[in-house]
Amino acid sequence: MVIHSQLKKIQGASERMGDTTRQRIKFSDDRVCKSHLLNCCPHDVLSGTRMDLGECLKVHDLALRADYEIASKEQDFFFELDAMDHLQSFIADCDRRTEVAKKRLAETQEEISAEVAAKAERVHELNEEIGKLLAKVEQLGAEGNVEESQKVMDEVEKARAKKREAEEVYRNSMPASSFQQQKLRVCEVCSAYLGLHDNDRRLADHFGGKLHLGFIEIREKLEELKRVVAEKQEKRNQERLKRREEREREEREKLRRSRSHSKNPKRSRSREHRRHRSRSMSRERKRRTRSKSREKRHRHRSRSSSRSRSRSHQRSGHSSRDRSRERSRRRSSKERFREQDLASRDRDRNSRDRSPRDRDRKDKKRSYESANGRSEDRRSSEEREAGEI
């Protein structure tokens with residue numbers, strides 16, 4: 001219980017540390033392991049093996065890997081180059097250790113001829129094949145694929161028979177004293193030591209173990225990264241070459257234009273003259289159209305103003321005629337009143353001097369004349385009004 005609680009505390013502390021780290025940095029930061037983002041860091045692959053490398057010096061965080069996987073769908077960050085350099089340095093170090101182990105074996109063991117070495121190498125190859133087949137049988141059995149595992153076991157039996165024949169040939173080609181000494185070999189994949197006479201269980205544990213499979217995974221990932229980086233570099237080089245060709249084409253076009261202008265100054269001048277002339281003509285057309293539009297607007301305004309004036313004149317003429325008619329009517333009425341007044345005064349005077357009969361005759365005559373005068377006045381006023389109209 002105490003160990004379990006301590007493990008929980010350690011796990012919680014590591015999770016909190018991962019959360020703070022994720023909040024503090026992004027996946028593009030230099031402190032983040034690019035091999036971890038691509039799921040190929042040797043510190044992760046070989047953890048818990050005989051060659052455990054310990055904790056990586058750079059940041060490992062699954063959340064940052066998830067962020068990178070999402071962002072890499074829209075943008076190419078070219079982290080494959082960093083991961084390839086990392087794996088290349090690691091594999092180069094492993095290959096150096098392999099060469100050192102081979103030299104050490106060569107110093108401790110007696111020298112043998114090339115023919116005997118080839119026979120021993122054949123035994124080692126068969127051991128490696130048997131070990132791989134047995135590891136595959138165990139994997140298929142764990143998956144529940146019994147038929148496939150049985151087929152692979154048949155191949156294992158055939159490889160074992162070949163191994164017994166190769167061992168017999170190797171034993172017969174060497175003396176009995178030196179046969180037991182020539183039994184070690186360095187694995188080319190993980191630089192581990194293999195025995196020439198190892199049993200099947202030992203071979204299966206080695207070739208199916210996490211160390212050997214981890215190195216295979218790292219080497220395969222390195223080859224894949226090399227291929228991806230080469231493709232991306234080729235694509236970038238093609239794009240760069242295309243841009244360079246476009247720039248050179250543009251420069252050649254500019255140079256050709258400049259040369260043509262320098263060789264044919266008259267032609268260039270005529271072109272410039274035509275351009276200038278076309279521009280001036282277009283400007284003149286615009287001016288003409290503007291002047292025409294202005295004249296139309298002015299004509300329209302003048303027509304509208306003349307119409308309004310004529311209407312106002314007509315209205316004023318009608319009003320002046322009405323006024324003159326009214327004045328003439330007033331004048332004629334005043335004159336008639338004056339004449340009537342004068343006639344009444346004359347009648348009064350005559351009536352005083354003459355007899356009543358004469359007065360009656362005169363009154364009748366005056367009334368008759370006044371009536372005739374009124375009709376004549378009316379006719380003259382009507383004639384005047386008709387003449388004015």
For a 4.5 angstrom cut-off between non-hydrogen side-chain atoms, does R219 reach I216?
no
Heavy-atom pair with the smallest gap, counting every atom of T98 and C187:
CG2-O, 4.1 Å
Shared hydrophobic cluster, I218 / V228 (ILVMFWY, side-chain heavy atoms < 4.5 Å)
no
Salt bridge present between E157 and R160 (N-O < 4.0 angstrom):
yes
Straight-line distance of E217 CD to K221 NZ, nearest 0.5 Å
8.5 Å
Decide yes or no for E55 and H43: does some side-chain heavy atom of the first lie under 4.5 Å from some side-chain heavy atom of the second?
no
Taking it one step at a time, do N237 and R240 satisfy side chain to side chain donor-acceptor pair (under 3.5 Å)?
CA-CA 5 Å; N237 291 333; R240 193 180 295 111; 2.8 Å; yes
Kindly determine whether L64 and V59 satisfy side-chain contact (heavy atoms from CB on, under 4.5 Å), including the steps that lead there.
CA-CA 9 Å; L64 295 177; V59 177; 4.3 Å; yes
With rounding to the nearest 0.5 Å, note down the distance linking CZ in R122 to CD in E165.
9.5 Å
Check the surroundings of atom CG in L57: do more than 12 heavy atoms from other residues, nucleotides or ligands lie under 6.0 Å from it?
no
Considering only NZ, NE, NH1 and NH2 on the basic side and carboxylate oxygens on the acidic side, decide whether D93 and R96 come within less than 4.0 Å.
yes
If you take all heavy atoms of C33 and C56, which pair is closest and at what distance?
SG-SG, 4.2 Å
Minimal non-hydrogen separation, F79 against S28, with atom names
CZ-CA, 4.1 Å
Where is the tightest heavy-atom contact between G54 and D52, given as atom of each residue plus distance?
N-OD1, 3.0 Å
Closest contact, heavy atoms only, L53 versus P42:
CD1-CB, 3.8 Å
Cationic N near anionic O, under 4.0 Å, R257 to E253
yes
Nearest 0.5 angstrom please: I25 CD1 to D61 CG, how far?
7.5 Å
Would you call R65 and H36 a side-chain contact if the rule is heavy atoms closer than 4.5 Å?
yes
Under the side-chain contact (heavy atoms from CB on, under 4.5 Å) rule, what do R31 and K58 come out as? Steps first, then yes or no, please.
CA-CA 5 Å; R31 292 173 290 177; K58 294 189 175 182; 5.9 Å; no
Using 30° and 60° as the class boundaries, would you call the ring planes of H212 and F207 parallel, tilted or perpendicular?
perpendicular
What I'd like to find out is whether the side chain of C94 reaches to under 4.5 Å of the side chain of C190, using heavy atoms alone.
no
Using 30° and 60° as the class limits, which term best fits the ring planes of F77 and F27: parallel, tilted or perpendicular?
perpendicular
Audit row: E223, R227, salt bridge (Lys or Arg N to Asp or Glu O under 4.0 Å) steps and yes/no
CA-CA 6 Å; E223 295 299 324; R227 179 179 57 79; over 6 Å; no
Check whether any side-chain heavy atom of Y68 sits under 4.5 Å from a side-chain heavy atom of L38, and report yes or no.
yes
What I'd like to find out is whether the side chain of E251 reaches to under 4.5 Å of the side chain of L255, using heavy atoms alone.
no
Can you tell me how far the SG atom of C40 sits from the CZ atom of F90, to the nearest 0.5 Å?
11.5 Å
Could you walk me through whether E138 and S149 pass the side-chain contact (heavy atoms from CB on, under 4.5 Å) test, one step at a time?
CA-CA 8 Å; E138 291 181 357; S149 64; over 6 Å; no
So do K34 and L37 actually touch side chain to side chain, heavy atoms under 4.5 Å?
yes
Looking at K162, I want to see if its NZ is surrounded by more than 12 non-hydrogen atoms of other residues, nucleotides or ligands under 6.0 Å.
no
What one should report as the nearest heavy-atom pair of L222 and M84 is CD1-O, 3.8 Å
Whether R236 engages the ring of F78 as a cation-pi pair (distance to the six-membered ring centre under 6.0 angstrom, angle to the ring normal within 45°) should be assessed.
yes
Would you call D205 and R201 a salt bridge, taking side-chain N to carboxylate O under 4.0 Å as the test?
yes
Other than I130, which residues form its hydrophobic cluster under the rule that side-chain heavy atoms must be closer than 4.5 Å?
L133, L134, V137, L140, V152, M153, V156
Sidechain N-carboxylate O distance under 4.0 Å for K132, E128:
yes
Hey, are D76 and K232 close enough for a salt bridge, meaning a charged N less than 4.0 Å from a carboxylate O?
yes
What's the spacing between K163 NZ and E168 CD if we round to 0.5 Å?
13.5 Å
Any side-chain to backbone donor/acceptor pair from D29 onto V32? Under 3.5 Å, distance only.
no
Report the distance from atom CG of L87 to atom CD of E80, rounding to the nearest 0.5 Å.
11.5 Å
Can you tell if the side chain of E188 reaches within under 4.5 Å of the side chain of K102, non-hydrogen atoms only?
yes
